[in-house]
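Both backbone and side-chain heavy atoms feed into the values below; hydrogens, waters and symmetry mates do not. Numbers here are sequence positions counted from 1.
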Amino acid sequence: MSRTGRRSTSRSHRSKKKRVTLMLAPVAALAVIVPLMNQANAATPSEVTADCSADSDKLADCQFVDVQFKANSLGPNERVSPVTDNCGSTGTATKTFNISTSVTRTLQVEEGTVTEAGTKLGNSLFEVGLEFSTSTINITRDDKTTTLAFSRTDTVQADSTAFFMWSAKRTDVSGFLKATYKEAQDGQTVFFAPSEGAATVHVFYPQILNNGTPDGRLWLRNVKCGTAEADSALNSTKALQDEEPGFGEGGANVTDVEIPLSEVPAP
């Protein structure tokens, strides 16, 4: 009888343990689900960038917060005139080039990705730009375009093609975006892109000369005909122009001659 009683007591304890375990399991599952639901409601960096760029109605404000800057930063190397052909000639030729380009403030949220700035963010970019416009460096703080356009007569070398190249001088200010939402998401209203304190969002403020023309480097590039470099120049499109090598970096078949900006007429 006593052994039967002990067995009965043991079964009873085991049964209670099982019931306790079964009751705890749903609670643990709920604890996992709640954080996942909260994370799903948080604004991601890409959403913050999109909302700021579109000036979304969900936002109370969006600001660009500057972390560091670099003045006199050169932009992409851009071909700014048609290609003139003097191939097959044994002598130089005098040609007239029509040169045209423009600069404007740009916002780059990641490498190679440029986005527009909505009103709230645009106002912030203007305010930040005020900090970097000085008596020695005049920058374009808004999104208005400044143009460089003129004609120039120059010498094309024998058996060469020639065209003008341009690299704009600009102040590169890097930082992050701070977005304040009207309604709390996940218990908060302030979010950052890509993160607070980051220096990966770039705002390029073009630098302007006192005469109103864009500051930068302008040069005439001569390329020997029948070379890969010449073929590349003749076949390149506007979208590929920023892949052109920089000043003095074209190789043995390329000759670059810099043009002083003092020779560029004011607009």
When you check the side-chain N and O atoms of Asn98 and Ser151, is any donor under 3.5 Å from an acceptor? yes
Check whether more than 12 heavy atoms from other residues, nucleotides or ligands sit under 6.0 Å from atom NZ of Lys70, and answer yes or no. no
Please round to the nearest 0.5 Å and tell me the distance separating atom OH of Tyr181 and atom CG of Asp57. 12.0 Å
With rounding to the nearest 0.5 Å, note down the distance linking OG1 in Thr189 to NZ in Lys182. 13.0 Å
Are more than 12 heavy atoms from other residues, nucleotides or ligands located less than 6.0 Å from atom CD of Glu263? yes
So CD of Gln207 and CG of Leu74: to nearest 0.5 Å the spacing works out to 9.0 Å
For residues Leu177 and Leu121, determine if any side-chain heavy atom of one lies less than 4.5 Å from a side-chain heavy atom of the other. yes
Under 3.5 Å, is there a donor-acceptor pair between the side chain of Asp172 and the main chain of Ser73? no
What residues, two or more places apart in sequence or in another chain, satisfy ring pair (Phe, Tyr, Trp, His ring centres under 6.0 Å) together with Phe126? none
Calculate, to the nearest 0.5 Å, the distance between atoms CG and CG belonging to Asn123 and Asp142 respectively. 11.0 Å
Here the gap from Cys52 atom SG to Glu47 atom CD, rounded to the nearest 0.5 Å, amounts to 11.5 Å
Heavy-atom closest pair, residues Thr171 and Ala71: OG1-CA, 4.1 Å
Could you check whether any side-chain N or O of Asn211 sits under 3.5 Å from a backbone N or O of Thr213, counting only pairs where one atom can act as donor and the other as acceptor? yes
Using a 4.5 Å cut-off on heavy atoms from C-beta on, say whether the side chain of Val203 contacts that of Thr106. no
Run the salt-bridge test on Asp55 and Lys120 with the 4.0 Å N-O cut-off and return the result as yes or no. yes
For a 4.5 angstrom cut-off between non-hydrogen side-chain atoms, does Leu107 reach Val114? no
Any side-chain heavy atom of Val103 sitting closer than 4.5 Å to one from Thr145? no
Compare all side-chain heavy atoms of Asp159 with those of Asn86 and state whether any distance is below 4.5 angstrom. no
Ignoring hydrogens and angles, tell me if any N or O in the side chain of Glu249 forms a donor-acceptor pair with the backbone of Gly246 under 3.5 Å. yes
side-chain hydrogen bond (donor to acceptor under 3.5 Å, both in side chains) between Thr161 and Asp85: does it pass, once the steps are laid out? CA-CA 5 Å; Thr161 62; Asp85 185 341; over 6 Å; no
For a quick test of reading the model, state the closest non-hydrogen atom pair linking Gln185 to Phe191 and the distance between them. O-CZ, 3.4 Å
List in chain and number order the residues that pass side chain to side chain donor-acceptor pair (under 3.5 Å) with Ser56, two or more places apart in sequence or in another chain; answer none if no residue qualifies. none
Audit row: Thr92, Thr155, side-chain hydrogen bond (donor to acceptor under 3.5 Å, both in side chains) steps and yes/no: CA-CA 7 Å; Thr92 60; Thr155 302; 5.7 Å; no
Sorted by first residue and then second, give each ring pair (Phe, Tyr, Trp, His ring centres under 6.0 Å) pair with at least one member in residues 60-114; sequence neighbours left out. Phe69-Phe132, Phe97-Phe164
Those residues at least two apart in sequence (or on a different chain) that pass side chain to side chain donor-acceptor pair (under 3.5 Å) with Thr94 are none
Starting at CG of Asn77, measure out to CZ of Phe247 and round the result to the nearest 0.5 Å. 11.0 Å
Any side-chain heavy atom of Glu78 sitting closer than 4.5 Å to one from Met165? no
If you measure from the Lys or Arg side-chain nitrogens to the Asp or Glu carboxylate oxygens, is any gap between Arg221 and Glu244 under 4.0 Å? yes
Sidechain-backbone polar pair: Asn222 side chain, Ser160 backbone, donor-acceptor under 3.5 Å: no
Flag side-chain contact, heavy atom, 4.5 Å: Phe163 against Val80: no
Flag the pair Leu125 / Arg105 as yes when at least one side-chain heavy-atom distance between them is below 4.5 Å, and no otherwise. yes
Asp154 meets the side chain to side chain donor-acceptor pair (under 3.5 Å) criterion, sequence neighbours left out, with Arg152
Within 6.0 Å of NZ in Lys224, more than 12 heavy atoms from elsewhere: yes
Can you name the closest pair of heavy atoms from Asp143 and Thr104 and give their distance? O-OG1, 3.1 Å
Lys58 and Asp51 ion-paired at < 4.0 Å: yes
Taking side chain to side chain donor-acceptor pair (under 3.5 Å) as the definition, give me every residue that meets it alongside Thr134, ordered by chain and number, with sequence neighbours left out. Thr136
If you count the non-hydrogen atoms of other residues, nucleotides and ligands that lie under 6.0 Å from CD in Gln188, is the total more than 12? yes
Given 3.5 Å as the limit, does a donor-acceptor pair link the side chain of Ser53 with the main chain of Thr49, or not? yes
